[in-house]
2 protein chains.
Amino acid sequence: MVPCLKDVAERAGVSVSTASIALRQDPRVKEETRRRIAQAAEELGYRPNGIARDLKTRRTGMIAILLHSLGGPFFSELVRGIEDAVHVSDFMPIVSSSGKDDSALRRFLLEKRVDGAIILNSNIDEEVLQTVASESMPIVVLDRSIHLEHVYPVMCDHRTGARRATRHLMDLGYPEVAFISGPADSYHGRLRHDGYVDAHASLGRQVDERMIYHGTFTEGSGYDIARRMAENGRMPQAIFAANDEMAIGALRAFGELGVRVPQDVAIVGFDDIRLANYVTPSLSTVRQPMYDLGVTAAKTLLRMLKGERGFAPAELQTELIVRQSSTGFPG
Amino acid sequence: MVPCLKDVAERAGVSVSTASIALRQDPRVKEETRRRIAQAAEELGYRPNGIARDLKTRRTGMIAILLHSLGGPFFSELVRGIEDAVHVSDFMPIVSSSGKDDSALRRFLLEKRVDGAIILNSNIDEEVLQTVASESMPIVVLDRSIHLEHVYPVMCDHRTGARRATRHLMDLGYPEVAFISGPADSYHGRLRHDGYVDAHASLGRQVDERMIYHGTFTEGSGYDIARRMAENGRMPQAIFAANDEMAIGALRAFGELGVRVPQDVAIVGFDDIRLANYVTPSLSTVRQPMYDLGVTAAKTLLRMLKGERGFAPAELQTELIVRQSSTGFPG
DNA sequence: ATCAAGTGTCGAAACGATTCGAACTACATG
DNA sequence: CATGTAGTTCGAATCGTTTCGACACTTGAT
């Protein structure tokens, strides 16, 4: 049905091996023969079968980008960074959401359908990565501090980012900053919490545990917490939320309750999702350089694919973005 | 280095063929043999090589989702729909942004590294699709009216959506509705324009060409056009914009100029990007059911992969979403 | 005892490319 | 004339699976 190299070779009256190298412009084959082969290929509409080639050459030229889900607000910047950086090589990135089960991991990494992978999915535990990564299957993990052979982390310093955000509020003059945290078992939630604590330590202040509220990284949880604050009469003057979604939920609650932001309460979020710039008031936040993270991850992986090891893993810094929600002065 | 089936077979003292079927739980092999083979595989850490399997079975179990870019506002819903629908089969979707050049197309479709594809990228022209699609490489194209063998379109009825949006404004009582169109060479731009015209025809009205402005689908172009309208003193009372980005640009311009929306001018956009619900005033718009489009595209492709042909292509309807920007009454 | 129909296993041939070493020609060199 | 060398081409092995037909051995029915 679909023509293979053998068909081309026969039509051109040469052997398969000659046809193979001829089509790749190998100088060993005579100009005239090469032309004949090219023409035969053209006439038959021959296309090399990538799978067969991959099998023989033992490389696929593809790298997997495994994300928890494609819905996240940043991943598109991230992927853009990866793509731009990978573009200079002859690799091609493919994106797959790996979700909860590890079918994508099996399919791509264990069954060797890619040459390497960049993983941003905290559901995949270290043990699995351990068994999957190898000399011939290098892996870059984003946003996790993992040190395994053949696995490189590319991190963003959330802790420092959270410290700066908290300090920003403190430096504005707010004596007490409340914290809307993420779930207790969230790695990033913990880092941001640590940064919040660091900020207090840096000024020799005590953290008041009653100022820490536990959310779930959803807008709804931020909304609920903000309502509780207002209705219990325990309104803080400043809030640092562990992500923008929750901060936006809080904004909505305060809007409904007539609590003015930033006059009555200042708010800073984390992540700089696109929405942060469009809500009213616009939300101060901590931005992760997603594009750069992508570039760095890709570059790291390409180095590993070249066989390099032992270089230092990268860590990128966050950026504090001050918008309306934290530009007032303590009332 | 990495163990292959032969190694497993040797260690278990059976032939390669027996090992092969045993590992797939084939009832032909005796329970005890199977156990022995399973154990050998386990001890060696054997993982079947997917590439070899794909080569032999002539299918990869993967379908490509080729998008122009991953940045678009809807594609994540779309992909979610595809993934949910594909999940019931044993196929696995992979996403790749195909951009301008066709390297992804070559790599995946021509070199047969996938079993089929869903394409949302108007840069890929019909001729290319023609040569790529085949009995064994079915393709679904989104949002384009293409009829080729082995290529199925899955469309959303933009024209009717645009007509309804325009009629919505007319029915509110606005005698004249201006139109901020997309670029002239844009397929969707034209459909939306046609719908705008249809709405006039449905009431026996003439389209006033001077009410049609040409934008580029960017926020900036919407902004510029709105400023021109206001400054030239040719302010319409109602505007239908061919997409939300331009509508939001117009909102921004009017905000700056003190033109009130919807009191002074009503605006409706198209697409229902997430932002539409968050701008002030919130933007009325026409929503494409991206999730459903994804589901439909995937189901269509799965049918083709089963060998079905000749069924009718699907077309989905849009949904008019009325928000603040068009809830006033003609002033 | 003979045949038919299972069981369980195996060897070899695919799948469609790449690659290595051999081989053949033609020509120049010692 | 033997030998070397460069330029072309070829045959066969290989990558790691799956699959098909053959084969040996039981078993139960005739």
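Just so we're on the same page: letters track the sequence lines, and every chain starts at 1.
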A/Arg58 atom CZ is separated from C/dA17 atom C1', nearest whole Å, by 14 Å

Here the distance between atom P of D/dC10 and atom CZ of A/Arg28, to the nearest Å, is 13 Å

Check this for me, if you would: do A/Asp26 and A/Arg24 make a salt bridge, where the nitrogen-to-carboxylate-oxygen distance has to be below 4.0 angstrom? no

- Item | Salt-bridge criterion met for A/Arg35 and A/Glu31 (N-O under 4.0 Å) | no

* Examine A/Arg309 relative to A/Tyr152 and say whether NZ or CZ is less than 6.0 Å from the centre of the six-membered ring and inside a 45° cone about the ring axis. => no

Whole-Å distance, B/Arg24 CZ to D/dT18 P, equals 4 Å

In whole angstroms, the gap separating P of D/dG11 from NZ of A/Lys6 amounts to 13 Å

Looking only at C/dG16, D/dT17, D/dG11, the nucleotide nearest the B/Asn49 side chain is D/dT17

Which of C/dC15, C/dT9, C/dA17 is nearest the side chain of A/Arg53? It is C/dA17

Open item on the list: For a quick check of understanding: with a heavy-atom distance under 4.0 Å over all strands, which category does B/Arg59 fall into, base, sugar-phosphate or nothing?
Closed with: nothing

Taken to the nearest whole Å, CG/A/Leu23 to P/D/dT9 is 13 Å

In whole angstroms, the gap separating P of D/dT17 from NZ of A/Lys56 amounts to 15 Å

- Query: Quick one: do B/Glu83 and B/Arg80 make a salt bridge, cutoff under 4.0 Å?
  - Reply: no

Side-chain atoms of B/Thr18 come closest, of D/dC10, C/dT9, C/dG16, to C/dT9

> Reckon A/Arg47 touches a base, only the sugar-phosphate, or nothing at all at heavy-atom distances under 4.0 Å?
Replying inline: sugar-phosphate

* To do: Check whether any side-chain N or O of B/Thr33 sits under 4.0 Å from OP1 or OP2 of C/dT9, and answer yes or no.
  => yes

Residue pair A/Ser20/B/Glu32 against DNA chain C: nearer the 5' end by closest nucleotide is B/Glu32

To the nearest angstrom, the CG-P distance between A/Asp26 and D/dG7 comes to 13 Å

Taken to the nearest 0.5 Å, the spacing of A/Ser103 OG from B/His87 NE2 works out to 6.0 Å

Between CG of B/Asp54 and P of C/dA17 the distance, given in whole Å, is 15 Å

Worksheet item: Just to confirm, is there a sub-4.0 Å distance from OP1 or OP2 of D/dC15 to any side-chain nitrogen or oxygen of A/Thr57?
Response: no

Side-chain contact check for B/Ile21: nearest option of D/dT17, C/dT9, D/dT9 is C/dT9

Discussion item. If you go through the side-chain atoms of A/Ser17, does one of them form a donor-acceptor pair with the base of D/dG11 closer than 3.5 Å?
Written reply: yes

Among the nucleotides D/dT17, D/dG16, D/dT9, whichever has the atom closest to the side chain of B/Leu55 is D/dG16

Between the base of D/dT8 and the side chain of A/Lys30, is there a donor and acceptor pair under 3.5 angstrom? no

Worksheet item: Would a 4.5 Å heavy-atom cut-off, applied to side chains only, mark B/Met137 and B/Val114 as touching?
Response: yes

Give one of base, sugar-phosphate or nothing for B/Val16, where a contact means two heavy atoms less than 4.0 Å apart. base

